[in-house]
Structures are given as structure tokens and as C-alpha cells.
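Just below is one structure, and these are the notes that go with it.
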Protein chains: 2
Amino acid sequence: MKIQAYDISKTASAATLIFDAIRQAIITGDLAQGEPLRQEDIARAFNVSRIPVREALQKLEQHGLIVSQRYKGAVVAGLSLEEATEIFEFRALLEPEVIRRAVPHMSPQVLQEAARCCAAFGNAEDPMQWGDLNRRFHTTLYAASGLAYHLEMLNKAMDRIDPYLRAQLLLSDGMQRANREHLMIVDACKSGQADKAADLTRQHILGAQESLSRHWQK
Amino acid sequence: MKIQAYDISKTASAATLIFDAIRQAIITGDLAQGEPLRQEDIARAFNVSRIPVREALQKLEQHGLIVSQRYKGAVVAGLSLEEATEIFEFRALLEPEVIRRAVPHMSPQVLQEAARCCAAFGNAEDPMQWGDLNRRFHTTLYAASGLAYHLEMLNKAMDRIDPYLRAQLLLSDGMQRANREHLMIVDACKSGQADKAADLTRQHILGAQESLSRHWQK
DNA sequence: GCTTCCCATTTTGGATACAATATACAATCA
DNA sequence: TGATTGTATATTGTATCCAAAATGGGAAGC
């Protein structure tokens with residue numbers, strides 16, 4: 001077999017593509033909270049019928065990114081300070097354990113990739129990349145844990161607060177501190193100090209939560 | 001207003017009703033793992049078109065209760081020992097913290113309801129009720145935590161392993177031990193010992209996990 | 001007999017059409 | 001004028017129909 005083959009059945013369905021596009025728009029903040037999402041409009045924009053659009057919207061609702069009411073349509077979900085706080089607490093519970101279990105299985109490639117994220121993070125030109133790199137840094141390290149279920153839950157939790165994290169990175173010292181803490185975490189991982197990495201991760205999250213609470217405005 | 005009114009808009013849609021029915025059938029074990037779910041059959045059974053059925057199936061897939069492949073249909077999801085173990089670990093991480101935070105807010109009514117679950121659990125005639133009562137016992141206590149997001153995640157995790165928990169309760173000493181541990185947990189809650197309740201909950205879960213591993217067969 | 005290919009059937013994905021419900025505005029009456 | 005009711009429009013929920021893909025079985029070839 002000479003050609004680069006891949007499983008065609010894994011090719012995204014229309015619904016998946018729409019889901020990804022809207023999800024991206026929400027977590028980057030392009031779609032503000034409360035923004036209504038009309039099936040017909042979206043269908044026209046993607047040149048499909050409303051059926052796959054409805055599938056995408058349903059998936060988005062399951063992820064907590066939108067809220068929809070029967071016969072009334074869907075809007076981009078908002079987030080109260082209380083809800084945001086709870087999601088940070090959720091992360092603070094899971095992520096330390098995940099990284100603790102991941103450290104012993106981190107390959108040099110993984111550590112290198114994490115370091116690359118840090119570097120790119122440090123001298124990224126576009127602030128919009130910060131959010132992506134931050135996300136990639138964490139998921140790269142966590143992947144080694146092999147805890148697929150935990151990671152799935154974490155990803156959804158991250159999606160939920162992503163727009164707020166991006167806003168926070170734009171604060172005066174938000175990005176610097178995140179970068180500093182990332183470097184400490186990856187150092188702990190490199191030296192195999194699982195518990196230290198877990199503790200740093202926990203503080204990284206709680207620090208972000210505290211910063212978010214302080215600058216909350218809605 | 002003289003007539004007994006209620007919010008009609010809260011009436012479930014066809015898709016929701018179908019989702020609930022199939023979910024129930026899966027977590028009680030009526031639908032065994034690997035069982036195929038054909039849209040046409042389900043639609044006929046509920047006397048609706050395939051559209052709401054498809055929505056229900058999508059929701060079930062997002063809950064992890066079924067797995068579906070493009071153009072190939074859906075089957076009831078199976079669970080490997082590794083996946084089951086991870087879900088127990090997930091619960092063991094969340095539930096102790098949830099109950100710890102719930103204890104200070106437990107009203108007498110909540111404690112009474114939990115006690116009622118224990119009593120009913122103790123002398124239930126139908127083993128099929130055990131699973132329901134077990135579920136209700138935990139959710140009752142946890143509800144006081146106010147951690148809506150955590151509870152939502154936990155509910156999905158519980159759904160995933162529910163059929164296996166029910167099977168385990170049927171084991172010789174499964175139900176007795178569960179009942180004993182439930183009583184200890186509710187006692188700790190009554191006396192306001194949050195940390196003790198958390199620890200008992202953790203051991204309750206890890207014990208169940210260990211029992212499941214021992215009797216695993218597939 | 002075994003394999004391979006082709007085609008018919010089954011089943012799912014998606015488009016179009018229609019029904020049910022919400023929302024906004026006009027019309028009516030006190 | 002103000003409230004209330006009828007009506008039109010917009011939007012979502014569902015049914016029906018068609019297209020695309022998978023599955024299974026039989027015929028042709030070795």
C-alpha cells in the first residue's frame with residue numbers, strides 16, 4: 001500500500017464540522033454569551049439543511065456551551081461567577097491527580113512538545129494564540145496519563161471556561177504568570193517529581209480561579 | 001387562578017421521552033451491551049418518525065451509553081475492566097469532596113430521606129429496586145452540596161457503570177455490605193462529621209471497585 | 001470448493017415539507 | 001388610554017421522502 005490511507009468512516013459528518021466551527025467561535029469569544037443561534041441561519045451559512053445543524057446544537061448543549069429551550073431556540077450559554085468557580089474547583093480536583101499519574105509515563109517527545117508550547121507561548125505575536133497554546137500545553141502533558149474518561153470530562157470543563165481564561169491571559173500579568181507556572185510544571189515533570197507537578201498544577205488552577213474572581217465583571 | 005396549572009412547556013419532547021426510556025433500559029440491564037439499536041424499530045415502537053429517535057440516540061451517545069458508527073448504526077456500549085476502573089477512580093476523586101461540602105448543608109429532611117432509602121434498601125422485596133435506591137441514596141446526600149456541575153458529571157459516570165453495580169448488588173454479600181456502609185455514611189452526616197463521611201464514601205467506592213474487579217467476567 | 005465480484009436489500013444521513021408553538025403587533029372594547 | 005384578545009410571522013419539532021453507504025447472498029471464474 002503506497003498511498004497514505006486513513007479511515008474514511010472517521011471523516012467528519014456535516015454535524016461534526018458545524019459543531020467544531022461553533023464551538024471554536026464560542027470558546028474564542030467570537031460568539032458572545034446570550035447570542036441567539038437560529039437553526040435556519042446556521043443551515044444557510046453552512047449550506048446544509050437544519051437536520052445536521054440540530055445535531056450540532058444538541059452536542060453543543062451537552063457540552064454546556066449553549067442552552068436551548070423547546071420551541072424557543074438556543075443561545076450561547078452564560079457563566080455566573082459561581083458556576084465558573086465550581087468549574088475551577090472541578091479542575092482543581094481532577095488535574096493534579098491526572099498529571100500525577102501522567103508523569104511516570106511522559107516520553108521525551110511529550111516533554112519536548114510541552115516545552116515547545118511554553119516557548120511559543122513566551123514569544124507568541126498574536127494574543128489569540130495564547131489560549132490555544134495554553135490548552136495544548138495542558139492536554140499534551142495530561143495525555144500521558146491514559147485516563148481517557150478524565151480527559152474527556154476535563155476537556156468539556158475547559159471548553160466551558162475557555163473564553164474567560166483567554167480574557168484573563170490578556171490581563172497585565174496574566175500571561176507572564178501562566179508562562180512562569182507552566183515552566184515550573186514542565187520542570188517538575190522532567191525530573192519525575194509527580195507530586196510536585198500535581199501540587200504546582202493545583203496552585204496554577206487555584207491561582208487562575210482567584211484572578212478570575214478578582215477581575216469578574218458582568 | 002382556580003385551576004391547578006403547571007408549566008406545559010416543561011413537557012418533554014418525543015426525543016426526551018425516548019432518551020429516558022432507552023437510558024432506563026440500558027442502566028437496568030434490560031438492554032445488554034452490544035445490543036443493536038435500529039432507528040426504524042425504535043420509531044415503530046414509540047409510534048414516531050425516525051427524527052426524534054435519532055436525537056435520542058445522539059444524546060445517548062454523548063452520555064456514553066451507546067456507541068454509533070456512521071452508516072452502521074448504534075449498539076449499547078460495552079465497558080472494559082479498564083474503563084470501569086477509571087470511572088470508579090473518577091467517582092472516588094469527586095464524591096468524597098462533594099459529600100464533604102454537602103454535610104454542613106444537609107437539612108433534617110435530606111437526612112430523613114437518606115435514612116428512608118437505607119431502610120427501603122434493607123427490606124426491599126425486589127432486587128431490581130436495589131439499584132434505584134442505591135442511586136437515590138447517594139444523589140439525595142450529594143444534592144445538598146449545591147455543586148451542580150459536579151453532580152451532573154457524577155450522574156453521567158454513574159449511568160455508565162450502573163448495570164455493573166446492579167449486578168454486583170446481586171452478589172452474595174454485595175447488598176449487605178452496601179447497606180452497612182450506607183448506614184455508616186448517613187450516621188457520619190447526621191453528626192456533622194464531614195471528613196469522616198468523605199472518607200467513608202471514598203472507601204465505599206473503592207470497595208465496590210475492588211469487588212467489581214474480582215468478579216469481572218466478560 | 002474457494003474466491004471474487006456484482007447486485008439487491010437494509011439501514012443510516014440528509015433534504016424538503018408540514019405541524020406545533022412562541023413572539024410581536026394590530027384590533028377591539030372598557 | 002389601557003388592557004385584552006385576535007392574528008400574522010418567525011422559529012422550532014416532526015413526518016415523509018430521497019441519497020449514500022454498508023451488509024449479505026448469489027453468480028461467475030479459477
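All values reported here derive from a predicted model rather than from experimental measurement. A note on names: the letters A, B, ... follow the listed sequences, proteins ahead of strands, and every chain is numbered from 1.
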Rounded to the nearest Å, what distance is computed from the CG atom of residue B:N47 to the C1' atom of nucleotide D:dT14?
13 Å

Without decimals, in angstroms, what is the distance between A:R44 CZ and D:dA10 C1'?
12 Å

B:E95 and B:Y142: side chain donor to acceptor below 3.5 Å:
yes

Counting heavy atoms from C-beta on, name the nucleotide in C:dT21, C:dG13, D:dA15 closest to the side chain of A:Y71.
C:dT21

Side chain of A:R38 - closest among C:dT12, D:dT23, D:dT11
D:dT11

For the base of C:dG14, is there a side-chain donor-acceptor partner from B:R54 under 3.5 Å away?
yes

In whole Å, what is the span from the CD1 atom of B:I51 to the C1' atom of C:dA20?
16 Å

Would you kindly give the CZ-to-P distance between A:R70 and C:dA20, to the nearest whole Å?
12 Å

Most 5' of B:P52 and A:G73 on DNA chain D, judged by nearest nucleotide
A:G73

Is any N or O donor-acceptor pair between the side chain of A:R50 and the base of C:dG14 shorter than 3.5 Å?
no

Taking atom C1' of C:dT21 as reference, at what distance in whole Å does atom CD of A:Q69 sit?
13 Å

Tell me yes or no: between the side chains of B:E61 and B:S68, is some donor less than 3.5 Å from an acceptor?
yes

Check whether more than 12 heavy atoms from other residues, nucleotides or ligands sit under 6.0 Å from atom CZ of B:R202, and answer yes or no.
no

Counting only side-chain heavy atoms from C-beta out, which of D:dT14, C:dA22, D:dA22 sits nearest to B:S49?
D:dT14

dist A:E89:CD -> B:L147:CG (nearest 0.5 Å) comes out at 6.5 Å

5'-most by nearest nucleotide on DNA chain C - A:E55 or A:K72
A:E55

Write down the distance between CD (A:Q39) and C1' (C:dA22), rounded to a whole number of angstrom.
14 Å

